[in-house]
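Data first, discussion second: the structure below is written as structure tokens.
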Amino acid sequence: MKLYLENVVAGKMPMNNQIIYNMQTIFNLLPNLNIEHMVRAMMVKTNDLHLIMYLTSLIRAIIALHDLLNNKVRFRVEDVAEDKAEEKVEEKKDEEGKEEKTKA
């Protein structure tokens, strides 16, 4: 629109009344942002949207940390169980080794 108007003013293009009429309609449909009530409503709406984005990011981070802790706990329990199993195997080997030494 800006380029068209500049070309019309410079005399590079002829003025088309239909285009000018459509532009005027578009500008008339735009809200008046100079009204204090409208400005405040837009600020409140924008603040609400930013709050929602902040809360969703915060919730996503908390859920990720919770999953990380759950994984750590699960792997720690599995490691403890594996260590106990290894200790039992070593104890059995030690007992078998002692029995063989006492037999010999």
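Each residue takes its place number in the sequence, starting with 1.
Through direct or relayed side-chain contacts under 4.5 Å between Ile, Leu, Val, Met, Phe, Trp and Tyr, Val39 connects to Met43.
Under the 4.5 Å side-chain criterion, counting only non-hydrogen atoms from C-beta, Asp79 is in contact with Glu82. Considering only heavy atoms from C-beta on, Ile63 comes within 4.5 Å of Ile59 through its side chain.
The 12-atom threshold is not exceeded at CE of Met42, counting heavy atoms of other residues, nucleotides or ligands nearer than 6.0 Å. The number of heavy atoms from other shown groups lying within 6.0 Å of CZ (Arg74) is above 12.
For Asn70, the side chain to side chain donor-acceptor pair (under 3.5 Å) partners two or more places apart in sequence, or in a different chain, are His66. With sequence neighbours left out, Glu36 forms a salt bridge (Lys or Arg N to Asp or Glu O under 4.0 Å) with no residue at all.
By the criterion of side-chain heavy atoms lying less than 4.5 angstrom apart, applied directly or through intervening Ile, Leu, Val, Met, Phe, Trp or Tyr residues, Leu29 is not grouped with Met1; the two fall into different hydrophobic clusters. Hydrophobic clustering of Ile, Leu, Val, Met, Phe, Trp and Tyr side chains at less than 4.5 Å, counting indirect connections, unites Ile20 with Phe27.
Here the CG atom belonging to Asp48 is positioned 12.0 Å from the CE atom belonging to Met53, to the nearest 0.5 angstrom. Between Met13 atom CE and Leu5 atom CG the span is 10.0 Å, to the nearest 0.5 Å. The CZ atom of Arg40 lies 15.5 Å from the CD1 atom of Ile35; values are rounded to the nearest 0.5 Å. Once rounded to the nearest 0.5 Å, the distance linking CG of Asp83 with CD of Glu78 reads 12.0 Å. Residue Leu58 holds its CG atom at 10.5 Å from CG of Leu51, rounded to the nearest 0.5 Å. Put simply, OG1 on Thr25 and CE on Met23 are 11.0 Å apart, with the number rounded to the nearest 0.5 Å.
The shortest heavy-atom contact between Ile19 and Tyr4 is CG2-CE2, 3.6 Å.
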Report task. Evaluate side chain to side chain contact (heavy atoms under 4.5 Å, CB included) for Val8 paired with Asn16, printing each intermediate quantity in order. Result -> CA-CA 9 Å; Val8 168; Asn16 185 333; over 6 Å; no
